[in-house]
Amino acid sequence: WSTGDGPPEEGEKQDNSQKSVLFLEKPKGGSISVGQNITFIAKVEAQDLLRKPTVKWFKGKWMDLASKAGKHLQLKETFERQTKIYTFEMQIIKAKENYAGNYRCEVTYKDKVDSCSFDLEIHETSSAPSIDIRSAFKRSGEGQEDAGELDFSGLLKHPPKIHLDGLGDDNTVTVVAGTKLRLEIPVSGEPTPKIMWSRGDKWLMDPASRIRAENYPDSSCLVIDSAERDDSGVYRIMLKNEAGEDTAHINIKVVDIPDPPEAPNVVDVGEDWCIMTWEPPAYDGGSPILGYYIERKKKQSSRWMRLNFDLIKETTFEPKKMIEGVAYEVRVFAVNAIGTSKPSMPSKPFVPLAVTSPPTCLAVDSVTDTTVTMKWRPPDQIGAAGLDGYIIEYCFEGSPQAPTTEGKGDSSIQEKDSEEADGGQTQNEEKTAKPCLSAEVYDGEFLEATYDLEAEQWIVANPDLTDKTKFTITGLPTGSKIFVRVKAVNAAGPSEPRLHPQPILVKEVIEPPKIRLPRHLKQTYIRRVGEAVNLVVPFQGRPRPKVSWKKNGAHVDKNQINIRNSENDSIIFIRKAERSHSGKYDMKVKVENLMDRATIEIQIVDRPGPPQVVNIVDVWGENAALEWKPPVDDGNANITGYTIQKADKKSMEWFTVIEHYHRTSATITELVIGNEYYFRIFAENMCGLSDNATMTKESAVIAKDGKVYKNPVYEDFDFTEAPLFTQPLVNTYAVSGYNATLNCSVRGNPKPKITWMKNKIIIMNDPRYRMFGNQGVCTLELRKPSPFDGGTYTCRAVNQLGEAEVECKLEVRGGVSFFRLLMQGVPPHIIDSYMQEVQAGKPEEK
């Protein structure tokens with residue numbers, strides 16, 4: 001860390017004058033001499049923080065100093081509870097010249113980040129080592145006569161020396177990619193040695209290159225501008241002069257953020273979660289991977305959301321709280337000591353889906369000697385994945401030696417070897433299992449059952465999914481017992497199985513036949529000619545009953561009437577009904593020697609024919625009397641009436657004078673004197689009027705000199721009446737707290753006005769009472785009366801012709817005992833006597 005990064009560019013330096021988000025006190029730059037100590041302090045106020053903030057110290061742009069703590073660097077933190085202030089300290093001990101540079105302190109809390117940069121300057125000490133220059137001088141031929149000449153050879157020739165004391169044992173220098181490295185190596189030697197740098201077989205000779213050497217009399221600098229990943233390696237420095245040479249190897253390690261991991265794989269999904277895995281990045285940036293960050297987004301969105309704020313050490317993660325049925329993508333960031341990598345490529349889109357709940361109401365529908373038919377209902381919870389179908393599985397109960405279950409216990413399941421010879425081939429199959437059935441029984445019914453069976457011991461009855469809620473398992477050996485379970489399947493997979501609580505015996509049980517004739521067929525079934533007849537008659541019975549039909553005692557002609565029989569019903573279908581299809585149809589359902597019968601009467605109706613003969617019996621004044629006979633063909637339905645029309649002989653335009661007439665004689669009135677009329681009559685039944693009408697052969701002439709008929713004069717009847725109560729009020733007992741009603745009935749014309757009174761006081765605008773009347777019945781409803789509501793109630797009816805009153809007494813009894821005795825049928829006077837005795841405290845002993 002002593003070399004670190006070069007000073008940041010001007011654009012990278014932060015303006016510390018801006019308002020701080022988290023810092024209460026920011027660290028300030030300083031200047032010291034080599035070998036001295038210095039402490040930088042940062043303070044953060046924790047008044048509004050729920051947990052301790054995270055503080056990191058950096059040198060340059062990326063180098064995290066947390067891993068460099070040791071002899072020359074110490075990091076401390078304290079917390080003052082009274083002031084609620086965190087204090088973070090970075091102490092540099094016995095500073096060296098290469099510790100100088102730009103430093104940065106960064107504090108983070110949740111989504112808040114605050115950063116501060118400061119500089120450290122290191123000065124060399126002014127004192128220099130003393131040199132006794134006289135020791136470097138000596139006289140030649142000392143002790144001889146010519147002594148006195150000076151010899152400088154010992155002063156001017158020293159072998160070159162490379163000083164690597166500050167680099168450590170392995171001579172490794174770490175630099176962050178993208179920053180500038182300026183590595184200064186002290187050298188010595190007389191005369192001044194020649195300094196050369198090389199990397200591999202290449203000498204660093206170009207002074208304008210990005211990687212270059214800068215040589216000085218007492219040192220040499222290796223400069224790398226904007227260090228790159230490929231700059232890592234071993235660099236050699238060589239010194240050479242007349243006195244000798246020296247060589248050293250320096251390992252330059254360029255660290256960087258790691259490469260992004262490969263796109264993650266989603267290996268499993270659930271209702272609102274998934275499980276994702278990924279591989280570590282191919283290049284860790286020269287620094288160990290500390291962990292990973294995970295992000296996700298909806299496929300149609302561009303907004304990524306961070307899922308973890310603490311690094312994940314493993315290469316698997318389980319995102320949660322997703323919306324079922326919505327497509328998502330996830331991606332991964334790798335993190336080392338230098339920083340965070342670029343994001344990985346997004347995963348393939350995936351949709352959180354959940355399996356359905358188990359099917360419900362699994363039950364046996366029918367059993368034959370070789371088949372079992374099961375039925376069930378769809379799951380209660382299906383979810384966004386929908387429902388694709390069902391899987392039906394079964395297994396055999398087992399060998400005779402295995403204990404029987406009878407709905408609870410253990411049994412073994414074994415399917416005996418079966419051999420089938422076909423063209424010389426033999427197939428042997430053997431499957432053995434030991435199921436364990438456990439169930440809870442409540443009121444004789446199984447609530448839940450589970451089987452301890454391995455998956456391969458269950459036989460799939462339907463290779464393809466079925467979307468029906470009913471399925472027949474075929475090919476079963478007669479007399480065997482099977483367990484059955486059903487699974488619901490959707491895009492997320494199969495659900496938990498729904499298990500039938502008991503083993504099923506594969507043997508058809510004889511069930512007596514029973515015809516369940518619909519209610520509308522228990523009476524005559526009527527249809528019009530030309531309409532379709534479609535009758536469904538359900539029945540039951542096992543094995544499948546034999547069904548036969550007869551019409552009026554003879555077998556049904558299948559060319560005219562279509563009959564279709566199934567296991568559960570029989571259908572009679574006539575596309576266009578004719579009157580010949582009318583009659584009694586006898587249905588017979590037979591199972592072996594057991595039989596059931598039912599009769600259906602079908603009536604096909606049509607319009608009737610016209611009346612037989614219409615005669616004019618008499619003509620007088622403005623009237624004409626007609627008589628006729630009913631039609632020969634009534635259309636297979638009762639004649640409901642006749643329609644009579646008249647026509648003037650001059651115009652022969654027909655006008656209806658009477659409709660829906662029930663008799664076979666009628667008098668036509670208000671005919672015009674002097675005109676001559678013809679009459680015709682239509683017959684009518686439930687299908688309508690007859691197609692034709694029968695007309696009179698003769699005409700009726702209305703003579704002018706006929707007798708004048710005077711209509712009698714009737715006086716209007718007077719319907720007015722004074723009020724009269726036809727049903728009086730009755731003395732009533734009421735229970736306190738329960739609604740009570742008083743009823744009476746009155747008649748009168750004009751309609752009388754009704755007034756209710758209690759103790760001769762008119763009841764008005766009192767919410768405890770509700771008064772209403774309908775068809776002369778007057779009702780007063782008391783809402784939850786109390787004993788104080790008892791008294792004499794009066795109903796008064798008044799109109800222009802007079803008034804009338806009725807009254808009754810209402811007694812309100814309190815307590816549940818009175819109500820219970822009244823509901824048990826005890827007469828009110830006995831209850832009253834008993835209640836008085838209870839209140840007096842002296843009940844008679846019975």
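Because only heavy atoms are used, hydrogens play no part in the values below, and waters and symmetry mates are left out as well, while side chains stay in.
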Next item on the list: For Arg236 and Thr247, indicate whether the former's side chain and the latter's backbone hold a donor-acceptor pair under 3.5 Å.
Entry: no
Check: How long is the span from the CE atom in Met205 to the OG atom in Ser198, to the nearest 0.5 Å?
Finding: 10.5 Å
Margin query: Taking atom CG as the centre, does Asp310 end up with more than 12 heavy-atom neighbours from other residues, nucleotides or ligands that are less than 6.0 angstrom away?
Written below: no
Next item on the list: Applying ring-ring contact (aromatic ring centres under 6.0 Å, His included), name anything that partners Phe40, two or more places apart in sequence or on another chain.
Entry: Phe118
Notebook entry, point to check: To the nearest 0.5 Å, what is the distance between CD (Glu45) and OG1 (Thr83)?
Noted result: 8.5 Å
Next item on the list: Could you tell me the separation between the CD1 atom of Ile250 and the CG atom of Asp170, rounded to the nearest 0.5 Å?
Entry: 11.5 Å
Check: Between Tyr109 and Arg51, is a side-chain contact (heavy atoms from CB on, under 4.5 Å) present by the stated rule, with each step listed?
Finding: CA-CA 8 Å; Tyr109 176 77; Arg51 57 183 175 86; 3.6 Å; yes
Checklist line | Nearest heavy atoms of Leu22 and Asp114, plus distance in Å | finding: N-OD2, 3.0 Å
Check: Would a distance-only check, ignoring hydrogens and angles, find a side-chain to backbone donor-acceptor pair under 3.5 Å from Lys253 to Thr172?
Finding: no
Next item on the list: Keeping the roles fixed (side chain from Thr87, backbone from Glu77), state whether a donor-acceptor pair exists under 3.5 Å.
Entry: no
Checklist line | Min side-chain heavy-atom separation Arg229-Tyr283 under 4.5 Å | finding: yes
Margin query: Check this for me, if you would: do Arg212 and Glu214 make a salt bridge, where the nitrogen-to-carboxylate-oxygen distance has to be below 4.0 angstrom?
Written below: yes
Checklist line | Name of the residue among Thr174, Val234, Leu181 meeting side-chain contact (heavy atoms from CB on, under 4.5 Å) with Ile252 | finding: Leu181
Next item on the list: Enumerate the residue pairs fulfilling salt bridge (charged side-chain N to carboxylate O under 4.0 Å, His left out) with a member in residues 267-288, sequence neighbours excluded, ordered by first and then second residue.
Entry: none
Next item on the list: Locate the shortest heavy-atom distance separating Glu97 from Ile122; write the atom from each residue and the value.
Entry: CA-CG2, 3.5 Å
Margin query: Show every ring pair (Phe, Tyr, Trp, His ring centres under 6.0 Å) that has at least one partner inside residues 197-222, sequence neighbours left out.
Written below: none
Note to self: Working to the nearest 0.5 angstrom, can you tell me the gap between Glu324 CD and Trp273 CH2?
What the structure shows: 12.0 Å
Checklist line | Pair His158, Ser188: side-chain N/O donor-acceptor within cut-off below 3.5 Å | finding: no
Note to self: Working note: Val269 + Val351, criterion side-chain contact (heavy atoms from CB on, under 4.5 Å); need CA distance, chi angles, decisive distance, verdict.
What the structure shows: CA-CA 8 Å; Val269 295; Val351 179; over 6 Å; no
Item checked: Within-4.5 Å side-chain heavy-atom neighbours: Val332 and Met276 -> yes
Notebook entry, point to check: More than 12 foreign heavy atoms under 6.0 Å from CD of Glu25: is that the case here?
Noted result: yes
Check: Under a 4.5 Å cut-off applied to non-hydrogen side-chain atoms, are Glu106 and Val113 in contact?
Finding: yes
Check: Between Lys94 and Asn37, which heavy-atom pair has the shortest distance, and what is it?
Finding: N-OD1, 2.6 Å
Checklist line | Nearest atoms (heavy-atom pairs only) where Ser347 meets Pro264 | finding: CB-O, 3.3 Å
Check: With sequence neighbours left out, which residue pairs that include part of residues 334-346 fulfil the side chain to side chain donor-acceptor pair (under 3.5 Å) condition?
Finding: none
Checklist line | Distance (rounded to the nearest 0.5 Å) between Leu204 CG and Ile211 CD1 | finding: 7.0 Å
Item checked: Least distance between heavy atoms, Leu387 atom then Pro379 atom -> CD2-CD, 4.1 Å
Check: Can you tell if the side chain of Phe58 reaches within under 4.5 Å of the side chain of Ser115, non-hydrogen atoms only?
Finding: no
Next item on the list: State, with a plain yes or no, whether a side-chain heavy atom of His249 is found less than 4.5 Å away from one of Asn171.
Entry: no
Checklist line | Side chains of Lys112 and Leu49 in contact at under 4.5 Å (non-hydrogen atoms) | finding: no
Notebook entry, point to check: Taking only residues two or more places apart in sequence or in another chain, which ones pass ring-ring contact (aromatic ring centres under 6.0 Å, His included) with Tyr235?
Noted result: none
Next item on the list: Taking Ser219 for its side chain and Glu184 for its backbone only, find out whether a donor-acceptor pair lies under 3.5 Å.
Entry: no
Notebook entry, point to check: Any donor-acceptor pair under 3.5 Å linking the side chain of His123 with the backbone of Ile32?
Noted result: no
Review item, side-chain donor-acceptor pairs of residues 287-307, under 3.5 Å, at least two apart:
unit_1	atom_1	unit_2	atom_2	d
Glu295	OE1	Arg331	NE	2.9
Glu295	OE1	Arg331	NH2	2.7
Arg296	NH1	Lys320	O	2.8
Arg296	NH2	Lys321	O	3.3
Lys297	NZ	Lys299	O	3.4
Lys297	NZ	Ser301	O	2.8
Lys297	NZ	Glu329	OE1	3.3
Ser301	OG	Arg303	N	3.1

Next item on the list: Report yes if some heavy atom in the side chain of Leu65 is under 4.5 Å from a heavy atom in the side chain of Tyr103; otherwise report no.
Entry: yes
Notebook entry, point to check: Under the 3.5 angstrom rule, does the side chain of Ser495 hit a backbone N or O of Ala488 as a donor-acceptor pair?
Noted result: yes
Item checked: Candidate pair Leu24 and Tyr86, rule side-chain contact (heavy atoms from CB on, under 4.5 Å), full reasoning -> CA-CA 9 Å; Leu24 183 63; Tyr86 285 99; over 6 Å; no
Check: Shortest non-hydrogen contact from Pro160 to Ala243?
Finding: CD-C, 4.5 Å
Check: Could you state the interatomic distance from OG1 (Thr356) to CG (Asp388), rounded to the nearest 0.5 Å?
Finding: 9.5 Å
Next item on the list: List the steps, then state whether side-chain contact (heavy atoms from CB on, under 4.5 Å) holds for Phe350 with Val330.
Entry: CA-CA 9 Å; Phe350 64 94; Val330 290; 4.0 Å; yes
Note to self: Does either side chain, that of Asp119 or that of Asn102, offer a donor lying less than 3.5 Å from an acceptor on the other one?
What the structure shows: yes
Margin query: Using side-chain heavy atoms (C-beta onward) and a distance below 4.5 Å, is Trp458 in contact with Pro497?
Written below: no
Note to self: Under a 3.5 Å distance rule, please check whether Asn98 uses its side chain to pair with a backbone N or O of Leu183 as donor and acceptor.
What the structure shows: no
Check: Are the side chain of Asp246 and the backbone of Ile162 linked by a donor-acceptor contact shorter than 3.5 Å?
Finding: yes
Note to self: Please check: side-chain N/O of Asn241 versus main-chain N/O of Glu190, any donor-acceptor pairing under 3.5 Å?
What the structure shows: yes
Notebook entry, point to check: Under the salt bridge (Lys or Arg N to Asp or Glu O under 4.0 Å) criterion, do Arg485 and Glu393 qualify, and how do the steps go?
Noted result: CA-CA 5 Å; Arg485 69 183 186 184; Glu393 298 178 333; 2.6 Å; yes
